There are 4 protein chains.
Amino acid sequence: MTTMKRERRKEAPDKREEILNAALSVFVEHGFGASRMDEVAKRAGVAKGTIYLYFPSKEELFKGLIENVASPPLEALQTLVDTSDADSEQLLRTMFAFVKRELLGTERRQVIHLILTEVHRFPDVARFYYENVVSRALGFLRTIMERGVARGEFRDCDLVRFPQLMAAPLPMAVFWSAIFEPFAPLDVDRFMDTHLDLLLTKLKVKS
Amino acid sequence: MTTMKRERRKEAPDKREEILNAALSVFVEHGFGASRMDEVAKRAGVAKGTIYLYFPSKEELFKGLIENVASPPLEALQTLVDTSDADSEQLLRTMFAFVKRELLGTERRQVIHLILTEVHRFPDVARFYYENVVSRALGFLRTIMERGVARGEFRDCDLVRFPQLMAAPLPMAVFWSAIFEPFAPLDVDRFMDTHLDLLLTKLKVKS
Amino acid sequence: MTTMKRERRKEAPDKREEILNAALSVFVEHGFGASRMDEVAKRAGVAKGTIYLYFPSKEELFKGLIENVASPPLEALQTLVDTSDADSEQLLRTMFAFVKRELLGTERRQVIHLILTEVHRFPDVARFYYENVVSRALGFLRTIMERGVARGEFRDCDLVRFPQLMAAPLPMAVFWSAIFEPFAPLDVDRFMDTHLDLLLTKLKVKS
Amino acid sequence: MTTMKRERRKEAPDKREEILNAALSVFVEHGFGASRMDEVAKRAGVAKGTIYLYFPSKEELFKGLIENVASPPLEALQTLVDTSDADSEQLLRTMFAFVKRELLGTERRQVIHLILTEVHRFPDVARFYYENVVSRALGFLRTIMERGVARGEFRDCDLVRFPQLMAAPLPMAVFWSAIFEPFAPLDVDRFMDTHLDLLLTKLKVKS
DNA sequence: GATGAATGAGCGTTCATTCAT
DNA sequence: AATGAATGAACGCTCATTCAT
């Protein structure tokens, strides 16, 4: 009856979002298969059935989670690639900085690990992830390279056909952090920098 | 009933080994969570209960299995690195050929995938793996590079400090094959060649 | 808010009736157990909660519904039996024609099926049904027969004591249609005609 | 250690049979849909999972139950029809006596009711029931009639084409017993006798 | 009265593990 | 040692019912 009666309402943090956050933490902690909807519900502060008002199944919840986590950085990258007027080297440097900061430097790193370890048993999700995330991200890399070649800033080489090679340190870093970090830490920043240097050495050499 | 006690062990084609082999194939096919002890038993040709005479639980079976599958390729690499009298570039090329043929070109690729996807749930296995497999393999790479630099064949660069970078395409290729192959195939051989070319461009440039 | 109290009831096209109609169609389609209140609400054009303003539970909704669906055909039969001046055979033929046309030839067939399959779970509905529907309908048959015997048109036989026998093809036809129709269709019209012929053969034989 | 240690073993009443009996009593009591596997297990004196060692699903358990209940009388009828050397009227009388005694006079009556009320939601089971029970039983009736006609004992009439008509009192009796028995009992024996008389009146008249 | 988001008990099914033989 | 029938806890999902608005 007082004005504070329901603190929840003040924030009204979108129940869907709450569920996604809860799912994120539970899935990251236990993996998708070992996570129980009961626990997602408990952490989200809702009843089990409520989850199913927002997501038709556990698998769709997983998809929603992927989308939720991947969208902001993808949009940011899209904007970067579309609007930057820097030269290609600078653009690539900016992109690597972004990946270090936004992907490897946040909990998103764990989500990538989650996806990579769980997705193979759900072909449906795998396809979704490929089409909505992976191919878009690789497309950005390919665009940068093709543009660099067209402008005469980059050398034309097989890297253009294998953007996966430019992205290869990402899974390595993600897995290393998730598995070996406690006893064999990796300086992810310098690791990425070294890779960037490797790429630029190739791309900038006059052929 | 008692005088036969010793002979029995001789005849048995090592039931423990049979179970481990069966487990390997089942786990590779379905992953840890989705594998059923029933199927392991069936493939091993034993009763379900028998597995529990050799391994106290499904987890221990997995651990026992995973600690036993990396030795042969490592021995081959050890020999290669120790005995080759080729120049450093040639040695690196031989090593890449070996990885393409023995790791990525066989079912071992799926074993690597299995390990990468499941090992984070077994920290002690992770440690075992790091110490006995990963650090040894990375050590080979580091050795080749250091030797190359010492001989003046390779340029001294940060790659020496990040052998993980030379190995980064391995997890990428393994995951790509396991997850996206059906709808976005990757030419793993050319993928690895391109990476090798990338490395050599860096290592061979006169600074 | 209060002066409108009476008018509301006038405008509303009897929401209770809407719900009952919706419930009838849903229950007929799926049976009691498989019917969802959600769908009843949707077909009635009301919110789920609204149903509970008119019926305290799904069971009571079903009971309210089932007690209200048998009257019109009974009134028609009542009129038929009371006013017809045809001879007894003709009256019986008219009655069978009515049953074929009005019960077996319309969706009412499915309503009968619904009642027969679900009523055993609601003993008070069963009693209501016996007293208000079944015994009345059987009474018509008995009346026709007794009158036929009294007039010397029908032979006096045990059929008079078992009007259920004259009605027995009804449940058979209803169930056959509901269960076996797709792979073993029954020509219900000729089925009923054959039964009528059977009855008349008995009733008209000079003893 | 004593000889009585496990009384269970003495009877060893076939766990599958125990489960079927339990299922019979539970399904008859609550209907198929409302029955819980938990309760079947409890009444069978086994764990829930044990049921699934014998039946792959609740629906298959239902099928097993139907088969189990229907087989013995069907075999008996088969033998009767195949081996009897009585005349057709006598054979029909024997058959009706059998139905009265073995179907309507035992718990099988309730199983028939169960099937008729539940089967329409499981097209699979419906087909199974039609093919394994209904069409066989109707086949017996048709055989008797055709044989009777061929021998000149029965009149050739539409009854031959509608054996369902000869069986029509069965669902009527089953439902009456299940629904109205408490307040309007039906003398099922005389009911069936009257029907038989009705049939014979038709079949024996010289056309 | 009317709404519909939220609830949570309930169910069929699975499968790692046990244990009497 | 070896078996495999039996166990029962666990889980994803449903849906009748409630209740704050």
Side-chain angles (χ1 to χ4, degrees), chain A residues 5-6 8-9 15-16 33-42 44-61, chain B residues 1 4-5 8-9 12 15 33-42 44-61, chain C residues 1-2 4-5 8-9 12 15 33-42 44-61, chain D residues 5-6 8-9 15-16 19 33-42 44-61:
Chain A
K5 190 183 170 190
R6 310 209 160 272
R8 276 179 234 140
R9 211 193 312 163
K15 203 155 286 192
R16 196 188 133 92
S35 293
R36 294 180 288 116
M37 293 299 262
D38 263 325
E39 190 167 359
V40 174
K42 203 199 302 180
V46 302
K48 199 174 10 170
T50 305
I51 299 175
Y52 290 87
L53 295 177
Y54 295 90
F55 302 93
S57 70
K58 195 186 179 193
E59 199 173 322
E60 289 299 320
L61 174 58
Chain B
M1 295 275 189
M4 298 290 282
K5 192 179 165 193
R8 243 185 263 144
R9 214 185 305 165
K15 205 159 284 196
S35 292
R36 294 181 292 113
M37 295 297 263
D38 262 323
E39 194 168 355
V40 174
K42 191 163 60 166
V46 302
K48 212 183 340 180
T50 306
I51 299 176
Y52 287 87
L53 297 175
Y54 295 90
F55 302 92
S57 72
K58 193 188 178 191
E59 288 207 357
E60 290 303 321
L61 171 60
Chain C
M1 296 273 187
T2 50
M4 298 289 284
K5 191 178 165 193
R8 239 184 267 143
R9 211 185 305 165
K15 205 159 284 192
S35 292
R36 294 182 293 112
M37 295 298 264
D38 262 322
E39 194 169 356
V40 174
K42 191 163 59 167
V46 302
K48 213 186 336 183
T50 306
I51 299 176
Y52 287 86
L53 297 175
Y54 294 90
F55 301 92
S57 74
K58 193 189 179 191
E59 288 208 355
E60 290 302 319
L61 171 60
Chain D
K5 191 182 170 188
R6 311 213 159 269
R8 273 180 235 141
R9 211 193 314 163
K15 206 156 284 195
R16 195 188 133 94
I19 292 168
S35 293
R36 295 179 288 117
M37 293 299 263
D38 264 323
E39 191 168 357
V40 174
K42 203 199 305 179
V46 301
K48 197 165 24 162
T50 304
I51 299 176
Y52 289 86
L53 295 177
Y54 294 90
F55 302 93
S57 71
K58 195 186 178 192
E59 201 173 320
E60 289 298 322
L61 175 57

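Owing to the predicted nature of the structure, the values given are computational and were not obtained by experimental measurement. Chain naming here is simple, since letters A, B, ... match the order of the sequence lines and numbering starts at 1 in each.
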Rounded distance (Å) that lies between atom [atom2] of [N] and atom [atom1] of [X]:
| X | N | atom1 | atom2 | value |
| --- | --- | --- | --- | --- |
| B/Tyr52 | F/dT7 | OH | P | 17 Å |
| B/Met37 | E/dT14 | CE | P | 19 Å |
| B/Glu60 | E/dT17 | CD | C1' | 14 Å |
| D/Asp38 | F/dA9 | CG | P | 11 Å |
| D/Lys42 | E/dG12 | NZ | P | 14 Å |
| B/Lys58 | E/dC15 | NZ | P | 9 Å |
| C/Glu59 | F/dA16 | CD | C1' | 11 Å |

Taking all atoms of both residues into account, what is the closest heavy-atom pair of [X] and [Y], and its distance?
| X | Y | answer |
| --- | --- | --- |
| D/Ile19 | D/Ala44 | CA-CB, 3.9 Å |
| D/Lys15 | D/Tyr54 | CB-OH, 3.6 Å |
| A/Phe55 | A/Arg16 | CE2-NH1, 3.4 Å |
| C/Lys58 | C/Gly33 | NZ-O, 3.4 Å |

Where protein sits on nucleotides 4-10 of chain E, one letter per nucleotide: B base, S sugar-phosphate only, - none, heavy atoms under 4.0 Å: BSBBB-B
Opposite nucleotide pairing with F/dC19, Watson-Crick or G-U, both atom distances under 3.5 Å: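 Base-paired to E/dG4.
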Residue pair C/Met37 / C/Leu61, side-chain heavy-atom distance below 4.5 Å: yes
B/Ala34 vs D/Ala34, nearer the 5' end of DNA chain E by closest nucleotide: D/Ala34
Along DNA chain F (nearest heavy atom to each residue), the more 5'-positioned of C/Ser57 and A/Pro56: A/Pro56
